[in-house]
Amino acid sequence: MDASVDPVGYYTDAFTSTVSEALRSLGIQDEPIIERPRKGESDLCLPCFNLAKRAGLRPDTLATMVLERMLPSELFHVSSVSGYLNCTFEPGRYVKDLAVHMWSRGGDIGLSPPNGERVTVEHTSANPNGPFHVGRARNPVLGDTLVRMLRADGSEVEAQYWVNDMGKQAMLLVWGMHNIDASELGPAEREKKDHQLVRFYQAANAKMETDPSMEPLINVLLRNYEAAVASLDMDRVISAEGRPVIRAKDVRSACELVLDGMKSSLSDLNVAMDSFVYESKVVSDGSLQRVIEGLRKSPLCREENGALYLDLTGLVDEQKDEEFKKRFVLTRSDGSGLYTTRDIGYHLWKLSMCDRAINVLGEDHKYQSLQLSIALKELGQERLPETMFYSFVSLPEGKMSTRRNRVVFLDDLLDEAVSNAREEVLKRRSDLSPEGLEAISRSVGIGALRFNMVRVQPDKQIVFRWEEALNFDGASAPFVQYSHARACSILGKDPSGFLGEVDWSMLVEPSEMKLVRKLSELGPVISLGARERKVHLMAPYLVELASFFNEFYRDCPVLKEEDPSRRKARMALVELSRRVLGRGLWCLGIDAPMSM
RNA sequence: GGGCCUGUGGCUUAGCCUGGAUAUAGCGCCGGCCUUCUAAGCCGGAUGUCGGGGGUUCGAAUCCCCCCAGGUCCGCCA
């Protein structure tokens, strides 16, 4: 068999066509639905229940009849068990074919060739008014993992952060920075700019709650600011009640300052963005106006007191939602745009730049996202953004809230993770340099955090508990990292041990064969993540793989193996495991340390 | 009030879209394994009305209906 052919598909096709032929010889024309059994020894199965029903036979009778009519194959053998036709690939041959195929990919294992698809993943996009808290930390972790898995799957991906520099939050921040004396504020939690500047935002917010003149003031500023942005006059002085308050360009620079601090948290989490797109872009390049003009032509569009809205009444039944908000407001009475309107402009632009747009959003954005899609359809947009929603992380005592001071900052969690990891490393290693200790502690600490945020289905709520967030035992990043380090340790003792021709048929031990099979599941796990956005399946896959590697490690001595050919095959299996574990961890944005 | 999401051993969780063979793992608990390539490991054991009730089906954790609990949304806010 040619090394470039994927054995899974090859064997599956062989079984499928043999089954189809046998079925046809029984006069059954249905295309058989071949499944992967969840349990049991076999590799594939054909449940015969529905076929038997249509043929008027008992399932086990049909299975046996099909079995009797199947041509024998060198690739697999088949048995009939309680209504199932079970197919088991010829173990030695299959494992060898898998290993040869994987080995031929070299260091590129798990990377598909470019598929020509351009994907934009928008994630994180938190308002630039203060540091990240862990309530939203799932967003960058899920988003970045998706980006990595798409890249591994061969897509050309852009990770995009949509920065809200046009809204009330941004204006409150700037107003605070220019009108509140720093000496009136309490000390900041950290030196980082996001922690420093959030104090101005909080103070401005507090003032708005007590001072009724604040709200109209901010609204006037926002309106004047939008006008300045629309006419590309960033030097314009933005005033209210005739008094100058800020310059238009101050808003953007304030956001950028806070964003600097936020970017450094992202980088600590191993999250990299490719581009930051500011909301003001949509205003300054005129696309906001084009959106409004375009939607004006929609039959759903209505006007009231100068405000434009889409009348969604007709969609009520379709959505099975009697209380569907009937109006999707596009502009205020004064003609100025709203967040959702700018979002439409952004999406039109984004969709024109890629083949697939994916948004990672908190579940609170579901409704807004639905409205967005309706508006995009009204504008004639055929491709719509895909969404990945996640539920919030809350605290045992309730929802995180900055105002009630009930919040855990991401920066604190990151520090805590690294310092817990450091303690664990120190328990086991005394030979490390300070730099080595830091590097391993960081890999382990941050890895454990990221792992715990992607290991569960995104739409499940998470209650944040320190001991769980920093879990280093069992199904955790360090468990997987440890297997990787063990592999590296063996390879380090004989770096040339797998060079030359490898005889994969030397791998006959059950734990070797199990490991090879598990290694071959990397590709399918990556494509499930990339194509169906099920990124949470990578974590349990890696745990299972690491566990199989540990069994192999226990059962099969490598360096001490005396038969040179078997030793080489085992060395190569260790190298293959190292590559696959490394690739999987890379997909999760988790470092794969050489030693722990 | 209505829409959407979630509810699986003491705790956390996979499977649900696309119904099928003994319901997946981990933590914790109990009992073993370091003169042998890193014990952050391995092996064995106990633990389940798959939120509750109906229905469809030869067969339901999975599909449909009702109910309960938690989350979330229903602004000329973002």
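Every chain is numbered from 1 and lettered A, B, ... according to where its sequence line falls, protein lines coming before strand lines. What you see is a predicted model; the values in this text were computed from it and never measured.
Counting only distance, with no hydrogens or angles, the side chain of D343(A) and the backbone of Y339(A) share no donor-acceptor pair below 3.5 Å. For K460(A) (side chain) and S391(A) (main-chain N/O), no donor-acceptor pair under 3.5 Å exists by modelled atom type. Under a 3.5 Å cut-off, the side chain of Q457(A) and the backbone N or O of D459(A) do not form any donor-acceptor pair.
The phosphate of A40(B) (OP1 or OP2) has a side-chain N or O of R428(A) nearer than 4.0 angstrom. Between C77(B) and R332(A), a contact under 4.0 Å exists linking OP1 or OP2 to a side-chain N or O. In this model, the phosphate group of C37(B) is not approached by any side-chain N or O of R567(A) to a distance below 4.0 Å at OP1 or OP2. The phosphate of C76(B) has neither OP1 nor OP2 within less than 4.0 Å of any side-chain N or O from R327(A). A close approach under 4.0 Å does occur between a side-chain nitrogen or oxygen of H536(A) and OP1 or OP2 of G15(B).
Note on C556(A): a base of the nucleic acid sits closer than 4.0 angstrom, heavy atoms only. When heavy atoms are screened at a 4.0 angstrom cut-off, P37(A) is found touching base atoms of the nucleic acid. As judged by a 4.0 angstrom heavy-atom cut-off over every strand, K427(A) is placed among residues making no nucleic acid contact. Counting any heavy atom pair closer than 4.0 Å across all strands shown, P557(A) reaches a base atom. Residue K460(A) is classed as a base contact, given a heavy-atom separation below 4.0 Å to a base. L330(A) comes within 4.0 angstrom of no nucleic acid atom, judged by non-hydrogen atoms across all strands. Using a 4.0 Å heavy-atom cutoff across all strands shown, S489(A) reaches at least one base atom of the nucleic acid. Across all strands shown, V574(A) has no heavy atoms under 4.0 Å from either base or sugar-phosphate atoms. Note on S394(A): nothing from the nucleic acid sits closer than 4.0 angstrom, heavy atoms only. A170(A) comes within 4.0 angstrom of no nucleic acid atom, judged by non-hydrogen atoms across all strands. Using a 4.0 Å heavy-atom distance criterion, Y482(A) is classed as a base contact. Note on Y553(A): a base of the nucleic acid sits closer than 4.0 angstrom, heavy atoms only. Counting non-hydrogen atoms under 4.0 angstrom, N471(A) reaches nothing in the nucleic acid.
Looking only at atom types and distance, the side chain of S369(A) has no donor-acceptor partner in the side chain of N359(A) under 3.5 Å away. Judged by distance alone, the side chains of N205(A) and Q169(A) never bring a donor and an acceptor atom under 3.5 Å apart. Using a 3.5 Å distance cut-off with no hydrogens or angles, the side chains of S80(A) and T64(A) do pair a donor with an acceptor. In this model, a donor atom of one side chain and an acceptor atom of the other lie less than 3.5 Å apart for D211(A) and S213(A). Judged by distance alone, the side chains of S476(A) and N471(A) never bring a donor and an acceptor atom under 3.5 Å apart.
Listed nucleotides: C76(B), G70(B), C43(B). Nearest to the side chain of Q461(A): G70(B). Set against U72(B), U13(B), C37(B), the side chain of V456(A) has U13(B) as its closest nucleotide. Among the nucleotides A21(B), G71(B), C5(B), the one closest to the side chain of E363(A) is G71(B). Nearest nucleotide to the E551(A) side chain, out of U6(B), C76(B), C42(B): C42(B). Of the candidates C16(B), C4(B), C76(B), the closest approach to any side-chain atom of Q457(A) belongs to C16(B). For D364(A), whose side chain is taken as the heavy atoms from C-beta onward, the closest listed nucleotide among C5(B), C73(B), C76(B) is C73(B). Residue D473(A) places its side chain closer to C27(B) than to any other of U38(B), A14(B), C27(B). Distances from the side chain of C45(A) to the nucleotides C37(B), G41(B), A21(B) place A21(B) closest. You'll find that the side chain of K53(A) is closest to C58(B), out of C58(B), A21(B), U38(B). The side chain of N305(A) lies closest to C76(B), out of C76(B), U12(B), A40(B).
One interatomic measurement links the two molecules: CZ of R136(A) to C1' of G71(B), which rounds to 13 Å at whole-angstrom precision. Taking atom CD on E544(A) and atom P on G15(B), their separation rounds to 13 Å, with Å as the unit. The CG atom of L528(A) sits 9 Å away from the P atom of G15(B) (whole-angstrom rounding). For the pair N550(A) CG and C42(B) C1', the computed distance is 8 Å after rounding to whole Å. At whole-Å resolution of the value, CG in D459(A) and P in C16(B) are 12 Å apart. Rounded to an integer number of Å, the gap from K534(A) NZ to U24(B) P is 19 Å. F552(A) places its CZ atom 18 Å from the C1' atom of C43(B), with the value rounded to the nearest Å. Distance, F472(A) CZ to A39(B) P: 19 Å, rounded to whole Å.
The separation of G7(B) from U12(B), taken at their C1' atoms, amounts to 13 Å, rounded to a whole angstrom. Using C1' as the reference atom, C63(B) and U22(B) are 24 Å apart when rounded to the nearest Å. Comparing the P positions of U18(B) and C77(B) gives a spacing of 41 Å, expressed to the nearest Å. When the C1' atom is used for both A60(B) and U49(B), the distance is 15 Å, rounded to whole Å. Spacing between A14(B) and G51(B) at atom P, rounded to whole Å, works out to 13 Å. Taking atom P on both nucleotides, G15(B) is separated from U6(B) by 11 Å, rounded to a whole Å. Rounded to whole Å, the separation between the P atoms of U56(B) and G41(B) comes to 50 Å. Taking atom P in both C29(B) and U35(B), the straight-line distance is 25 Å, to the nearest Å.
When both distances must be under 3.5 Å, the Watson-Crick or G-U wobble mate of G41(B) is C33(B). Base pairing of C4(B) is made with G71(B), judged by Watson-Crick or G-U wobble geometry with both donor-acceptor distances under 3.5 Å. Using Watson-Crick or G-U wobble geometry with both donor-acceptor distances under 3.5 Å, G59(B) finds no partner in any strand shown. Across every strand in view, A46(B) sits unpaired, with no contact that passes the Watson-Crick or G-U test at under 3.5 angstrom. Applying the Watson-Crick and G-U wobble criteria (two distances, each under 3.5 Å), C17(B) pairs with nothing in any strand.
Between Q169(A) and N86(A), the residue anchored closer to the 5' end of RNA chain B is N86(A), taking for each the nucleotide with the nearest heavy atom. With RNA chain B read from its 5' end, the first of the two nearest nucleotides for S42(A) and V558(A) is the one closest to S42(A).
Taking the syn range as angles within 90° of 0, the glycosidic angle of C34(B) is syn.
For F276(A) and Y161(A), the ring centers sit closer than 6.0 Å to each other.
In this structure, R138(A) forms no cation-pi arrangement with Y390(A), as its terminal cationic atom is not both closer than 6.0 Å to the ring centre and no more than 45° off the ring axis.
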